[in-house]
Amino acid sequence: MNIMNHRYIIVTTLALVAFWLSSCHLNLNNHNNGNGGNEQDTVIYKIATSSKLPPGLSVNTLKAKANDIDGDGDDDIILAVQYQRNKILINDGSGHFSDESASRLPAQQYDTRDLAIADFNSDGNPDLLFVNNQNQNNELYINGGKGKFSDLSNRIPVTGTFTTVATADINGNGIIDIMIGGVGQNLALINNGNAFFTNQTTDRLPGRLDKTQDITFADITGDGQLDIVVANEDANRALINAGSGFFTDQTSSRIPFINEIEETRDINIADLNFDGTFDLFFGNSGFQSGSNAQDRLLINNGSGVFSDQTSERLPSLSTDTFDAAMADLDKDGDLDLIVGNYNGGVRILINNGSGYFADQTASWIPGNFYPHVADIEVADYNRDGSLDIYLAVHDGQDQLLLHK
């Protein structure tokens, strides 16, 4: 071999080694950037927290709701934050959010647990109601237009140790009413039409002392009237509308009994198996001794009587579910499940069209992503036609997942 060929081989070899080292360095950088790098590129959702959310959200957020608060056509985010100012995050239309809480909300800092968004005074603008726990103050904020709120909390005639709130037209007069749950008797507040409320609990609800975590309205019996399903830390309840918003407890004849504590944090109601009736998903946790943290799926037989089909239709889910959301993530016409776990992480359960769910988390969510999820809010935040996910995180940074 002559010297020229020998030098050529050496130079070529060195160039190949340099290229290989450069490629390794690039791949390492890609892996370390953007909360997952190459791994994030292979899944359907990307973590957009650092680029899309404002700083300062490393707080105890317990609930999040999406709504076009300022009337500009995109979904903003309203947060219920424990022991800090509640927050309004304004969307610029591309899924980039700014914290405008200081200019839109009063500065109270309560033990806030939940919020509801509804047009309480029938003026076409979404108003806000926050319910609180230990300090027993509730906050009613009326939207004067374009997301600027005034404090009319004195119109809420009850105090208590509250954990959840839901809104619906309880008495069928076309006006939004309120139901508040917590430790003790749940409460029904009837709206007179201008955001003045009267406590009609004694007349409308069964007397029951519960530890309620969630309340959901739906017509589970198919008679055209809204019923109520209540998630409790001991036993869930089905309250059936007897007409005009007067409810009876029919739990024992409608919801299958289980011989252990069912510590339910979240209820989702939807037609999951396409039979025209509403089914129930219970998101459960297991903090109490003797409780079963397995989430539960109940199928409606058509008249509001449910059978427990958890083992046939759901994968094993016992990671302390604090919230779940139903949405058609894969755009195939049925509702999938996004499950948020307090002890870390999000799981994506895809519906096969008949109400049977498969865990496909690995295809949707970047690995090593385990926030302590307290609430999930699904919406198309960047208006690209696909659904995105906002995660309210307890004891950590809230997270935003954008569909790619």
Side-chain angles (χ1 to χ4, degrees), residues 53-54 56-69 75-91 97 99-118 120 126-143 147 149 151-153 156 158-167 176 178-183 186-187 189 211-216 231 265-267 283 285 321-325 340 342 371-379 381 389-400:
L53 294 185
L57 294 180
S58 296
V59 294
N60 288 334
T61 308
L62 292 182
K63 293 293 180 180
K65 299 287 185 185
N67 193 283
D68 182 12
I69 286 294
D75 278 316
D76 309 301
I77 299 171
I78 301 88
L79 304 177
V81 185
Q82 190 176 23
Y83 295 123
Q84 297 188 38
R85 178 201 289 270
N86 297 318
K87 294 184 181 295
I88 293 179
L89 307 183
I90 297 298
N91 191 345
F97 293 89
D99 185 350
E100 298 188 10
S101 312
S103 63
R104 295 177 181 274
L105 281 180
Q108 286 94 333
Q109 298 186 28
Y110 297 136
D111 181 17
T112 309
R113 297 300 179 94
D114 199 8
L115 75 144
I117 304 175
F120 294 120
D127 308 306
L128 304 177
L129 174 63
F130 296 92
V131 295
N132 300 296
N133 192 271
Q134 292 185 15
N135 51 359
Q136 301 188 359
N137 294 301
N138 301 298
E139 304 163 69
L140 175 63
Y141 300 129
I142 299 300
N143 191 341
F149 294 89
D151 188 347
L152 294 178
S153 301
I156 303 298
V158 294
T159 60
T161 307
F162 300 137
T163 54
T164 187
V165 59
T167 60
I176 299 298
I178 297 169
M179 185 169 171
I180 300 176
V183 179
N186 294 330
L187 304 172
L189 308 183
K211 293 183 178 180
T212 298
Q213 293 291 340
D214 195 20
I215 296 168
T216 304
R265 299 278 173 170
D266 175 71
I267 295 173
S285 59
T321 298
F322 261 43
D323 193 44
Y342 183 78
H372 293 245
V373 178
D375 198 41
I376 297 170
E377 192 69 2
V378 178
Y381 294 114
I389 303 172
Y390 186 94
L391 301 176
V393 175
H394 190 261
D395 192 23
Q397 169 72 47
D398 286 6
Q399 300 287 330
L400 180 64

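Just so you know, these numbers come straight off a predicted model, no measurement behind them.
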Handout entry: Tyr381 and Phe97 aromatic centres sub-6.0 Å
Key = yes

Exercise for the section: Give the minimum heavy-atom separation between Arg85 and Pro106, together with the two atoms involved. Expected result: NH1-O, 3.4 Å

Handout entry: Under the salt bridge (charged side-chain N to carboxylate O under 4.0 Å, His left out) test, residues paired with Glu100 that sit two or more places apart
Key = Arg104

Exercise for the section: Drop me the distance from Ile178's CD1 to Phe120's CZ, to the nearest 0.5 angstrom. Expected result: 4.0 Å

Completion exercise
Per side-chain hydrogen bond (donor to acceptor under 3.5 Å, both in side chains), Thr112 is matched among Asn60, Asn132, Thr61 by Asn132

Practice task
Output, in order, the C-alpha distance, side-chain angles, deciding distance and verdict of side-chain contact (heavy atoms from CB on, under 4.5 Å) for Leu152 and Tyr141.
Solution key: CA-CA 6 Å; Leu152 294 178; Tyr141 300 129; over 6 Å; no

Handout entry: Value rounded to 0.5 Å, distance of CG in Asp375 from CG in Leu62
Key = 8.5 Å

Practice task
Measure the CD1-CZ distance between Ile88 and Phe149 for me, rounded to the nearest 0.5 Å.
Solution key: 4.5 Å

Practice task
Using modelled atom types only, decide if a donor and an acceptor are shared between the side chain of Asn143 and the backbone of Asp127 within a distance under 3.5 Å.
Solution key: no

Handout entry: Min side-chain heavy-atom separation Asp75-Glu377 under 4.5 Å
Key = no

Handout entry: Val59 and Leu79: CA distance, side-chain angles, deciding distance, side-chain contact (heavy atoms from CB on, under 4.5 Å) verdict
Key = CA-CA 11 Å; Val59 294; Leu79 304 177; over 6 Å; no

Problem - Test item: Leu105 and Leu128 side chains (from C-beta on) under 4.5 Å apart, heavy atoms - result: yes

Practice task
Mind listing the closest non-hydrogen atom pair of Leu53 and Asp398 along with its distance?
Solution key: CD1-O, 3.8 Å

Practice task
Determine yes or no for a side-chain-to-main-chain donor-acceptor pair under 3.5 angstrom, with Asp323 supplying the side chain and Ile376 the backbone.
Solution key: yes

Handout entry: Mutual orientation of the aromatic rings belonging to Tyr342 and Phe322 [parallel < 30°, tilted 30-60°, perpendicular > 60°]
Key = parallel

Problem - Gap separating the CD1 atom of Ile69 from the CD1 atom of Ile78, nearest 0.5 angstrom - result: 4.0 Å

Problem - Note, Asp395 side chain near His372 side chain (heavy atom, < 4.5 Å) - result: no

Handout entry: For Asn133, all residues meeting side-chain contact (heavy atoms from CB on, under 4.5 Å), sequence neighbours excluded
Key = Asp111, Arg113, Thr161, Thr163

Problem - Nearest atoms (heavy-atom pairs only) where Asn186 meets Gly181 - result: OD1-CA, 3.0 Å

Problem - Side chains of Ser153 and Glu139, donor plus acceptor under 3.5 Å - result: no

Exercise for the section: With side-chain contact (heavy atoms from CB on, under 4.5 Å) as the test, would you mind laying out the steps for Leu129 and Ile156 before giving the verdict? Expected result: CA-CA 9 Å; Leu129 174 63; Ile156 303 298; 4.0 Å; yes

Practice task
Working to the nearest 0.5 Å, report the span between CZ of Arg265 and CD of Gln213.
Solution key: 4.5 Å

Practice task
Please confirm whether the backbone N or O of Val158 pairs with a side-chain atom of Asn138, one donor and one acceptor, at under 3.5 Å?
Solution key: yes

Exercise for the section: Work out which heavy atom in Ala80 is nearest to a heavy atom in Asn86; give both atom names and the distance. Expected result: CA-OD1, 3.5 Å

Handout entry: Which atom of Lys87 lies closest to which atom of Gly56, heavy atoms considered
Key = CE-O, 4.1 Å

Practice task
Please name the pair of heavy atoms, one in Ala64 and one in Ile77, separated by the smallest distance, quoted to 0.1 Å.
Solution key: CB-CG2, 4.4 Å

Handout entry: Approximate separation, where rounding is to 0.5 Å, of Lys63 NZ and Thr164 OG1
Key = 6.0 Å

